[in-house]
> 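Quick one: the structure is below, questions incoming.
Numbers restart at 1 for each chain; the letters A, B, ... are given by sequence-line order, proteins then strands.
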Amino acid sequence: MTTVPVAEPRGSATLTPDEPPPAPRRRLATLLGRQPLGLAFAAPYAAFLAVVFAYPLGLAVWISFHDYFFAAPGAEVERPFVGLDNYKTVLGDPDVQQAFGNVVEFLLINVPLTVVLALVLASALNAAVRGRSFLRVAYYVPYVTASVALVAVWLFLFSQGGFVNQLLGGLAPDPSWLVNKGLAMPLIAVFVTWKQLGFSVLLYLAALQNVPRELYESASSDGASRIRQFWHVTVPGVRPATTLVVILATITGANLFTEPYLLTNGGGPNGASASPVLVMYQKGIEQGSPDLAAAIGVVLVIGVLMISLVNKKILERD
Amino acid sequence: MTRSWPRTVLLYAGALLFVFPFYYMLRGSLQPEPDTSLKGVLPTGGYTLDNYAAINDRVHLLQSLANSGIFTTGVLLFTLVFGLLAGYALARLHFRGQGMLFAVMLLVQIIPFQLLVIPLYVMVVRGYGLADSYLGMILPFAINSTAVFMFRQFFLQLPEDLFAAARLDGASELRILWSVALPLVRPAVLTAALITFIGPWNEFLWPFLVTKEADMQPLAVSLANYISNIAGRADNPYGAILAGAVVLAAPAVVLFVAFQRHFTSSDLGSGVKG
């Protein structure tokens, strides 16, 4: 074993064949692996995943199929199985339908905007440009900053008499941004694009390093313009990063909570910017129906997984 | 490639748009009266720290900052101890269940955390009675899976000869991890620590659900509560809100700017390329 495993196929740990261990140890080795100490090293993390990830995942599904409510600690209560009732209630609820519709609207704005801006910025940053470290900091800094702090400034900037409306003068929307039915959700989508863009730029920058330089050279000697090179070499070259960016944007959309809760004052106006997680919080915690909230969560995850799979299929065909 | 003006102009114009809200946050937090006019953008016309005093009166800045600090430190500690051990085991040791653990670790990253919020709330707050406690806050974030993944990638990139030699010398695995492997990946560990830091420091939903007592709330939660409940009744709500926002944003921004060399695509690249 002399080579260093640098890139390995995803999802499989590299188990390299070695000389067999001496006979008495062999039985133990087949039971626990060649280095059982690894089990001890990994045990706390595995226990963590079981307690904080696997068990709650199962519990979410279980709750969603039962009539579940909060009871005093230690109280014995009956929580009958109700089949798909919670799902029927939730899917027939206009508030929930509106929230899911809002996420679709969010994704339709956020995903194309993120992909296009991040790829253009990454390509520009990849070339020699003065002050790269300043630019890098500028583009990543919203990503590392708390949403709550950034929402505070946007509230100020986009308020009725705020800076943006002052700048727009007569062009300012009426009603103003955050209380406008048609603009509240798009504004949240733009906010999230702005906040997360730095990370997508980073992913594209990493992907650009893997596009062979010769491809640009041969395209250039064939007389292809800069724009044609970008379209025919860069875009296909960074396709795996695009898949990842789209999946991450979908997950961000599914997780949306802080922005509708704070920026548009609880998904206003009239639920026009409510997100599924906001509705989950309202139903599950505020109104005490965790069963309905769990059903929303399960539907949400199925949606995310479906979008991720479809996106992988579309972007990775050929 | 040659330098081109349009590209430079585009990059700097975009950067201005990204940085402007931060400048406006700071500017607004120091203004005696909120001035939203175009002229108000300029750094002229009076400075005051009244807004910081005002937000300190309402949300107990120091206590909130301490809570954020304890929450974040707890997560960092668990991630650096147990995450490094797990990353090392996944990269360098062969044991039963290794492949499955790796697969689950990848899966964790695509399941939206928010789905788990309701069952976690049921477990942690109702079941374990950990409402208004640091442990309850830390538990779901204790070991950052992205960091574990990055640790594994870093350890994988080290040459196997190094480990074989240390083992021949009779060094224990713990000793190899501590004295051989860790010093070689130290810059990368810093990157992973930075990524881990911004998670709990910036997190809102989970600590918001777990803490009802004002004395236990991290700054993100107490500031958000101030924005949504009390701000309407204050004289200069925006001044105080923006002062709070500056205090919340500053530690992450300062750390990031100080260590931005480590936050590059090559360091992270190894972490994100599955």
> Under 3.5 Å, side chain of A:Asn265 to main-chain N/O of B:Ser228, donor-acceptor pair present?
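Between the backbone of B:Ser228 and the side chain of A:Asn265 there is no qualifying donor-acceptor contact (under 3.5 Å).
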> So what's closer than 4.5 Å to chain B heavy atoms on A:Phe257: side chain, backbone, both or neither?
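It is the side chain, since no backbone atom gets that close.
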> Less than 6.0 angstrom separating the ring centers of A:Tyr143 and B:Phe256, yes or no?
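No.
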> What are the two closest heavy atoms between B:Met123 and A:Tyr55, and how far apart are they?
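That closest heavy-atom pairing would be SD-CD2, 3.5 Å.
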> Would you confirm whether the ring centroid of B:Phe95 sits within less than 6.0 angstrom of the ring centroid of A:Phe41?
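No, the ring of A:Phe41 stays outside the 6.0 Å limit from the ring of B:Phe95, centre to centre.
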> For the residue pair A:Leu39 and B:Arg96, what are the closest heavy atoms and their distance?
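Shortest heavy-atom separation between A:Leu39 and B:Arg96 comes out as CD2-O, 3.4 Å.
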> When you measure from the side chain of A:Tyr139 to the backbone N and O of B:Leu11, does any donor-acceptor pair fall under 3.5 Å?
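Checking the backbone N and O of B:Leu11 against the side chain of A:Tyr139, a donor-acceptor pair under 3.5 Å is found.
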> Nearest 0.5 Å, what's the CE-CG distance between B:Met105 and A:Leu49?
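CG of A:Leu49 is found 9.0 Å from CE of B:Met105.
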> Would B:Phe82 and A:Tyr45 count as a close aromatic pair, with their ring centres under 6.0 Å?
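For B:Phe82 and A:Tyr45, the ring centres are not under 6.0 Å apart.
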> If every non-hydrogen atom of A:Ala60 is compared with every non-hydrogen atom of B:Pro119, which pair is closest and at what distance?
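It is CB-CG, 3.7 Å.
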> Measure from the side-chain N and O atoms of A:Gln166 to the backbone N and O of B:Leu38, and report whether any donor-acceptor pair falls under 3.5 Å.
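Absent.
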> Is the closest side-chain heavy-atom distance between B:Ile118 and A:Met280 below 4.5 Å?
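Answer yes - side chains close enough.
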> How long is the gap from CZ on B:Phe78 to CZ on A:Phe48, to the nearest 0.5 Å?
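Answer rounded to 0.5 Å: 9.5 Å.
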> Under 4.5 Å, counting heavy-atom pairs only, tell me which of A:Ser123, A:Ala149, A:Gly297 racks up the most with chain B.
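That would be A:Ala149.
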> Is the centre of the A:Phe70 ring less than 6.0 Å from the centre of the B:Tyr121 ring?
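Yes.
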> For the atom pair CG (A:Leu37) and OH (B:Tyr88), what is the distance rounded to the nearest 0.5 Å?
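Result: 9.0 Å between the selected atoms.
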> Just distance, no hydrogens or angles: give the donor-acceptor pairs under 3.5 Å from side chains in residues 154-162 of chain A, sequence neighbours left out.
{"from": "A:Ser159", "atom 1": "OG", "to": "A:Phe156", "atom 2": "O", "distance (Å)": "3.0"}
{"from": "A:Ser159", "atom 1": "OG", "to": "A:Gly162", "atom 2": "N", "distance (Å)": "3.4"}

> To the nearest 0.5 Å, what is the distance between CG on A:Leu121 and CZ on B:Arg7?
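That separation rounds to 12.0 Å.
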> Rounded to the nearest 0.5 Å, what separation is found between the CG atom of B:Leu248 and the OG1 atom of A:Thr145?
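Here the rounded value is 8.5 Å.
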> Roughly how far, to the nearest 0.5 Å, is the CG atom of A:Leu150 from the CE atom of B:Met25?
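Answer for the CE-CG pair, B:Met25 versus A:Leu150, is 5.0 Å.
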> So which part of A:Val120 gets closer than 4.5 Å to some heavy atom of chain B, the side chain, the backbone, both or neither?
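Just the side chain, heavy atoms under 4.5 Å.
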